[in-house]
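Written out below as structure tokens is the structure these notes cover.
Please read all numbers here as calculations on a predicted model, not as lab measurements.
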Amino acid sequence: MISLPLTTPILPSRCLLHQTRRPNSTRRRFWIRSSSSLHEHVTAKKTKRVVLVRHGQSTWNEEGRIQGSSDFSVLTKKGESQAEISRQMLIDDSFDVCFTSPLKRSKKTAEIIWGSRESEMIFNYELREIDLYSFQGLLKKEGKEKFGEAFKQWLEDPANFIIDGHYPVRELWSRARSCWPGILAHESKSVLVVAHNAVNQALVATAIGLGTEYFRSLLQSNCGVSVLDFTPSADGGSPHVCLNRLNQTPNSPLAGGSSGGRKASKQVILVCHGQGNNEDSAATNDQSMNMLGVIQSQKTAELILDLRVSSIVCSPGTASIETAGVISRVQEAASCLGVDSVPRHVKTKQMNELDIEGVLRKSNQDNDVIASSQPGWLSQLDEEAVSALWNRSGKAWESLLDELSDEESNPGEIMVVVGPPMTHISLIAQCLNLTKEWLGLFHLDAGSISVIDFPDGPSRRGVIRCTNYTAHLGRWCIPITKPA
């Protein structure tokens, strides 16, 4: 086993990224968040892509037993199958190195995904799962019976949860920070990391600068794939970190299951409209969709068909209206398609607050609207434009939560929200209670979906089940390992 060096924690700081000055512009440039303590560890001059994978289903996952960092469980047949699907998803990528937890369930998953690659595999004990001390090995009902208030705190306030004199989540965050220098300092462009649920959450969170209060806010399913891009800045300063996607799973992200052990009472599905006629500006909302965009919207409608959608809310842009129409028609055809014996009626409405690009056009009258699919898009906007975008998205998010709260009699309500990528990036940041400086940390593609669960209802913070999921697009999906 190769041991990796420890270093100071990764903490984000505000850093002014290089920006081309607009002609005759007196507006202030916008400051965005980046990870200042990362720059000494990103040795490559090009973007380094780190792909995180959680292990497949284990025997203790199947039993509902608390694993922690114990090493008694192994992959089930289902877990091995999930790992094989992940291998196929990643087969075309030329990873330079694989870092993996040495625990059996993670090690086996890594070996299946790694296949016949000859590049090195590094076993790092710091990538083990969260240490849960006396909880480990107990069935969840046993934990509740034996530990009472401590188990309740683990479920309701994990950041401050204490057991056997330890704060497991705080220790985990510190350990995750210590893993990043070794991963980023490796002479490689594409890195695979195979580990566990909680530690992968912590790796994502510490990379983009989220604290322990976000534990269980970024879901990691069995063999779920998350992608982080680390791009050196043009001036040699702090790298830009982008969460390219979160928790792309071997099966549909809408297939059910829990969010951090809790069943969602409400769910919002953010659908990025299909690609517009201008291929270089897939996020432009006021264009009609091209043929690829039509296919993307049809594939999305098919993915959602097995769910009973209660309402569809869309941006007033042309492409969003077209995408919402496709989803609505397929939903209402569920009975004749043999999916549902009961006719469906879906409420559809336009919400002006979702027209974020319209706000940007007003703020940038002498410039084209910048597509959020472009790297570093946020740094190309001035402070006035970003403030307008953020304020509009805040109103949109509050309006959507009000819509969900109006349906308290229907705890399983599913709302579909259709808009351009920039709109949904803003809504994800609003959901996580972030600020406008964080917008550049997320990336969404045209035709993708992102899912937000509300296990405690819309009055509490949502759980991000996945972002930028595109596997449903089939041959037109965005490959997980597409070059940044």
**OP:** Given side chain to side chain donor-acceptor pair (under 3.5 Å), test His196 with Ser101 step by step and report yes or no.
**Re:** CA-CA 8 Å; His196 307 266; Ser101 159; 2.8 Å; yes
Original post:
Leu103 versus Asp71: any side-chain heavy-atom pair under 4.5 Å?
Top reply: yes
Original post:
Does the side chain of Asp445 pick up a donor-acceptor pair with the side chain of Thr470 at under 3.5 Å?
Top reply: no
**OP:** Report the C-alpha separation of Ser405 and Asp402 in whole Å, then their side-chain angles, then the decisive distance to 0.1 Å, and conclude whether the side chain to side chain donor-acceptor pair (under 3.5 Å) test is met.
**Re:** CA-CA 5 Å; Ser405 300; Asp402 288 343; 5.3 Å; no
Subject >> Chi angles and distances behind the side chain to side chain donor-acceptor pair (under 3.5 Å) call for Thr300, His472 >> reply: CA-CA 7 Å; Thr300 299; His472 64 291; 3.1 Å; yes
Subject >> Charged tip of Arg461 within 45° of Trp397 ring normal and under 6.0 Å >> reply: no
Original post:
Which is it for Gln136 and Ser70 under the side chain to side chain donor-acceptor pair (under 3.5 Å) test, yes or no, and what are the steps along the way?
Top reply: CA-CA 7 Å; Gln136 294 181 174; Ser70 65; 4.7 Å; no
Original post:
For Tyr469 and Pro253, which heavy atoms make the closest approach, and how far apart are they?
Top reply: CZ-CD, 3.3 Å
Original post:
Is the shortest heavy-atom distance from the side chain of Asn468 to the side chain of Leu243 under 4.5 Å?
Top reply: no
Subject >> Spacing of Leu303 atom CG and Ile327 atom CD1 [to the nearest 0.5 Å] >> reply: 9.5 Å
Subject >> Side chains of Glu403 and Ser311, donor plus acceptor under 3.5 Å >> reply: no
Original post:
For His443 and Arg245, what are the C-alpha separation, side-chain angles and deciding distance, and is it a side chain to side chain contact (heavy atoms under 4.5 Å, CB included)?
Top reply: CA-CA 7 Å; His443 172 86; Arg245 69 187 66 206; over 6 Å; no
Original post:
Does the side chain of Thr109 come within less than 4.5 Å of Arg105's, by heavy atoms?
Top reply: no
Original post:
What's the shortest heavy-atom distance between Pro158 and Val169, and which atoms?
Top reply: O-CG2, 3.2 Å
Original post:
Just by distance, do the side chain of Gln296 and the backbone of Gln275 share a donor-acceptor pair under 3.5 Å?
Top reply: yes
Subject >> Qualifying residue for side-chain contact (heavy atoms from CB on, under 4.5 Å) with Arg465, from Ile449, Val268, Leu218, Leu219 >> reply: Leu219
Original post:
Do Leu434 and Phe442 have side chains that get closer than 4.5 Å, going by heavy atoms?
Top reply: yes
Subject >> Distance-only donor-acceptor check, side chains Thr47 and Asp229, under 3.5 Å >> reply: no
Original post:
Can you check side chain to side chain contact (heavy atoms under 4.5 Å, CB included) on Ile425 and Met422, steps first, answer last?
Top reply: CA-CA 5 Å; Ile425 287 172; Met422 193 176 292; 5.6 Å; no
Subject >> Arg170 and Asn160: CA distance, side-chain angles, deciding distance, side chain to side chain contact (heavy atoms under 4.5 Å, CB included) verdict >> reply: CA-CA 8 Å; Arg170 298 180 191 178; Asn160 295 310; 2.7 Å; yes
Subject >> Polar contact flag, side-chain donor to acceptor under 3.5 angstrom, Ser106-Thr100 >> reply: yes
Subject >> Residue pair Ser221 / Asn247, side-chain donor-acceptor N/O under 3.5 Å >> reply: yes
Subject >> Heavy-atom closest pair, residues Arg49 and Asn244 >> reply: NH2-ND2, 3.3 Å
Subject >> Spatial distance of atom CD (Gln220) from atom CG (Asn200) [nearest 0.5 Å] >> reply: 5.0 Å
Original post:
Ion pair present between Glu126 and Arg128, side-chain N to carboxylate O less than 4.0 angstrom?
Top reply: yes
**OP:** Would you sort out whether Cys98 and Val194 count as a side chain to side chain contact (heavy atoms under 4.5 Å, CB included), showing the intermediate values?
**Re:** CA-CA 8 Å; Cys98 173; Val194 182; 4.3 Å; yes
Original post:
Should we count CD of Gln153 as having more than 12 external heavy atoms under 6.0 Å?
Top reply: yes
Original post:
Parallel, tilted or perpendicular for Phe215 and Trp154, by the 30°/60° rule?
Top reply: tilted
**OP:** Look at Lys141 together with Glu145 and state whether they make a salt bridge at an N to O cut-off of under 4.0 Å.
**Re:** no
Subject >> Side chain to side chain, Leu184 and Lys48, heavy atoms closer than 4.5 Å >> reply: yes
Original post:
Can you tell me how far the CD atom of Gln57 sits from the CD atom of Glu62, to the nearest 0.5 Å?
Top reply: 5.0 Å
**OP:** Indicate whether any N or O donor in one side chain lies under 3.5 Å from an N or O acceptor in the other, for His186 and Glu120.
**Re:** yes
**OP:** Decide yes or no for Ser448 and Ile478: does some side-chain heavy atom of the first lie under 4.5 Å from some side-chain heavy atom of the second?
**Re:** no
Original post:
Looking just at side-chain N and O atoms, do Glu302 and Gln298 make a donor-acceptor pair shorter than 3.5 Å?
Top reply: no
Subject >> Minimum side-chain heavy-atom gap Leu203-Leu127 below 4.5 Å >> reply: yes
**OP:** Report the relative orientation of the aromatic rings in Phe151 and Phe135; use parallel for angles under 30°, tilted for 30 to 60°, perpendicular for over 60°.
**Re:** tilted
